[in-house]
There are 2 protein chains.
Amino acid sequence: MTTTPAAAPTTDWLRLDQQICFSLNAASRAFGGVYRVILKDLGLTYPQYLVMLVLWEHGELPVKKLGEHLRLDSGTLSPLLKRLETAGLVRRERSARDERSVEVRLTDEGVALRERALQVPRRIMGATGFDIDEIRALRERLDELTGALDSATLEQQP
Amino acid sequence: MTTTPAAAPTTDWLRLDQQICFSLNAASRAFGGVYRVILKDLGLTYPQYLVMLVLWEHGELPVKKLGEHLRLDSGTLSPLLKRLETAGLVRRERSARDERSVEVRLTDEGVALRERALQVPRRIMGATGFDIDEIRALRERLDELTGALDSATLEQQP
DNA sequence: GGCCATTTAGTTGTGTGCAATTTAATTGTG
DNA sequence: CACAATTAAATTGCACACAACTAAATGGCC
């Protein structure tokens, strides 16, 4: 075997691409790892925690609205919500007004869990080593990126 | 400082937390969506593309090393590599020196696919709307974050 | 009122991610 | 050399994501 790989890597675009998507992918999973450890106490997975955050803020929402907040569809949410229901944190009830819709609402237990969740953000912040302003700046950058990527995805589909 | 009884929480840390993890999670999945569209031509998923990027750069390496580059373990890589092998892009062979190890190497077809992949980074860059320097700055920030999160995860596991 | 397109959840199938376990090979130690 | 500890892959089980599809309910439109 020759020691030199296929192509000259100096201005290697694939290598650059590697860096970009690796970084985001790795950061996302590293974040997931930290949340996994911290959320184990609460009996929640990271995506379940995200759902609970939305419910703690809004109290009660149809699956559709929940999905809009989280950019997730029913294919992901339906089984996840079933697990939260089995855990006794939420109830799912067909809306009386529109029987296509399913209202998701917190149980007393689900509301109570919020108290224990209040410590989570501080621990996450500690793990990042970033301060509030740095986090905010990064967040704005990421939202900008997400917006650009979403519109690009839509344009690419016709 | 007494807190408001019911809904209105302190400085709403949970809401802030929501913003942070939502943003990273959303950006990661938005990125995945763009890659999914672009990579469909090549017959690769996004994680498979990441594996191919490493192989295009290094030519051949054991599963262990591949996992270190991608921070993935054999539980993820084994089935993924089987699919790449079925697709005819890689071969997996037990190392003669150390029979515990499995060497992953590109087939001719796998090497050839690199040519078609060369267009991917440009299309991704276009979709982001960011220029090289912005991407690089974001990447450095994310790597910093990942490093902090990883060491925090390790410290928490004694 | 009757019919059809749309909307909303749910289901199915594929592909990760990761923890935990298993199997086989290698290494370290007495 | 024997044998326990370690290491590398693979396997198993669970939980997302997401595309594609199904089923039920609603809303328009004539």
Side-chain angles (χ1 to χ4, degrees), chain A residues 21-22 25-37 39-40 43-52 61-68 70-87 90 92-104 150 153 157, chain B residues 21-22 25-37 39-40 43-52 61-68 70-87 90 92-104 150 153 157:
Chain A
C21 51
F22 275 23
N25 203 44
S28 181
R29 286 189 288 121
F31 232 105
V34 173
Y35 271 105
R36 190 174 306 115
V37 173
L39 291 175
K40 193 185 289 186
L44 294 174
T45 66
Y46 181 32
Q48 288 166 10
Y49 173 69
L50 298 182
V51 169
M52 293 299 287
L61 292 181
V63 173
K64 184 71 195 298
K65 291 288 181 190
L66 202 50
E68 286 170 7
L70 296 158
R71 62 167 58 224
L72 291 172
D73 65 7
S74 65
T76 300
L77 286 176
S78 289
L80 190 156
L81 291 170
K82 271 189 193 170
R83 283 185 282 271
L84 287 181
E85 189 171 43
T86 302
V90 306
R92 294 179 306 146
E93 293 163 4
R94 284 280 162 191
S95 164
R97 275 184 302 92
D98 183 344
E99 296 227 349
R100 291 172 303 182
S101 180
V102 168
E103 297 284 335
V104 183
D150 276 351
T153 304
Q157 291 288 40
Chain B
C21 50
F22 275 22
N25 204 44
S28 181
R29 286 190 288 121
F31 232 106
V34 173
Y35 272 104
R36 190 173 306 114
V37 173
L39 291 175
K40 193 185 287 186
L44 294 174
T45 66
Y46 181 31
Q48 287 166 9
Y49 173 68
L50 298 182
V51 169
M52 293 300 287
L61 63 182
V63 173
K64 183 72 195 300
K65 291 287 181 190
L66 201 50
E68 286 170 7
L70 297 159
R71 64 169 55 224
L72 292 172
D73 66 6
S74 66
T76 300
L77 286 175
S78 288
L80 189 157
L81 290 170
K82 271 190 194 171
R83 284 186 281 270
L84 287 181
E85 188 171 44
T86 302
V90 307
R92 295 179 305 145
E93 292 164 5
R94 286 278 162 193
S95 165
R97 275 184 301 91
D98 184 345
E99 296 228 348
R100 292 171 303 180
S101 180
V102 168
E103 298 284 334
V104 182
D150 276 350
T153 304
Q157 293 287 39

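Residue numbering restarts at 1 for every chain, and letters A, B, ... go by the order of the sequence lines.
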Could I get the full list of side-chain contact (heavy atoms from CB on, under 4.5 Å) partners for B:S74, not counting sequence neighbours?
->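 B:S74: side-chain contact (heavy atoms from CB on, under 4.5 Å) contacts with B:S78.
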Go through the structure and list residues passing salt bridge (Lys or Arg N to Asp or Glu O under 4.0 Å) with [X], not counting sequence neighbours.
X: B:K64; value: B:E68
X: A:R100; value: A:D98
X: A:R92; value: A:E85
X: B:R71; value: B:D150

Can you check the [X] [atom1] to [N] [atom2] distance for me, whole Å?
X: B:E103; N: D:dA8; atom1: CD; atom2: P; answer: 12 Å
X: A:R71; N: D:dA19; atom1: CZ; atom2: P; answer: 12 Å
X: B:L77; N: D:dA9; atom1: CG; atom2: P; answer: 9 Å
X: A:Q48; N: D:dC14; atom1: CD; atom2: P; answer: 14 Å

Quick one, give me the B/S/- string for nucleotides 20-28 of chain D, reading 5' to 3', where B means a protein heavy atom under 4.0 Å from the base and S means that only happens at the primed atoms, P, OP1 or OP2.
-> -----BS--
Reading DNA chain C 5' to 3', which nucleotide is the first, and which the last, to come under 4.0 Å of any heavy atom in chain A?
->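 Counting from the 5' end, contacts occupy C:dT7 to C:dA19.
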May I ask you to verify if any side-chain N or O of B:R92 is less than 4.0 angstrom from the OP1 or OP2 atom of D:dA10?
->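 Checking B:R92 against D:dA10: at least one side-chain N or O falls below 4.0 Å of OP1 or OP2.
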When all nucleic acid strands are considered with a 4.0 Å heavy-atom cut-off, which category describes B:T45: base, sugar-phosphate, or nothing?
->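 The residue B:T45 makes sugar-phosphate contact but no base contact.
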For a side-chain contact (heavy atoms from CB on, under 4.5 Å) with B:V102, tell me which candidate from B:L77, B:V63, B:L81 qualifies.
->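 The side-chain contact (heavy atoms from CB on, under 4.5 Å) with B:V102 is passed solely by B:V63 among B:L77, B:V63, B:L81.
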Residues touching DNA chain C, which here means a heavy atom under 4.0 Å, drawn from residues 78-86 of chain B =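 Going residue by residue through residues 78-86 of chain B, the ones with a heavy atom under 4.0 Å of DNA chain C turn out to be B:L80, B:R83.
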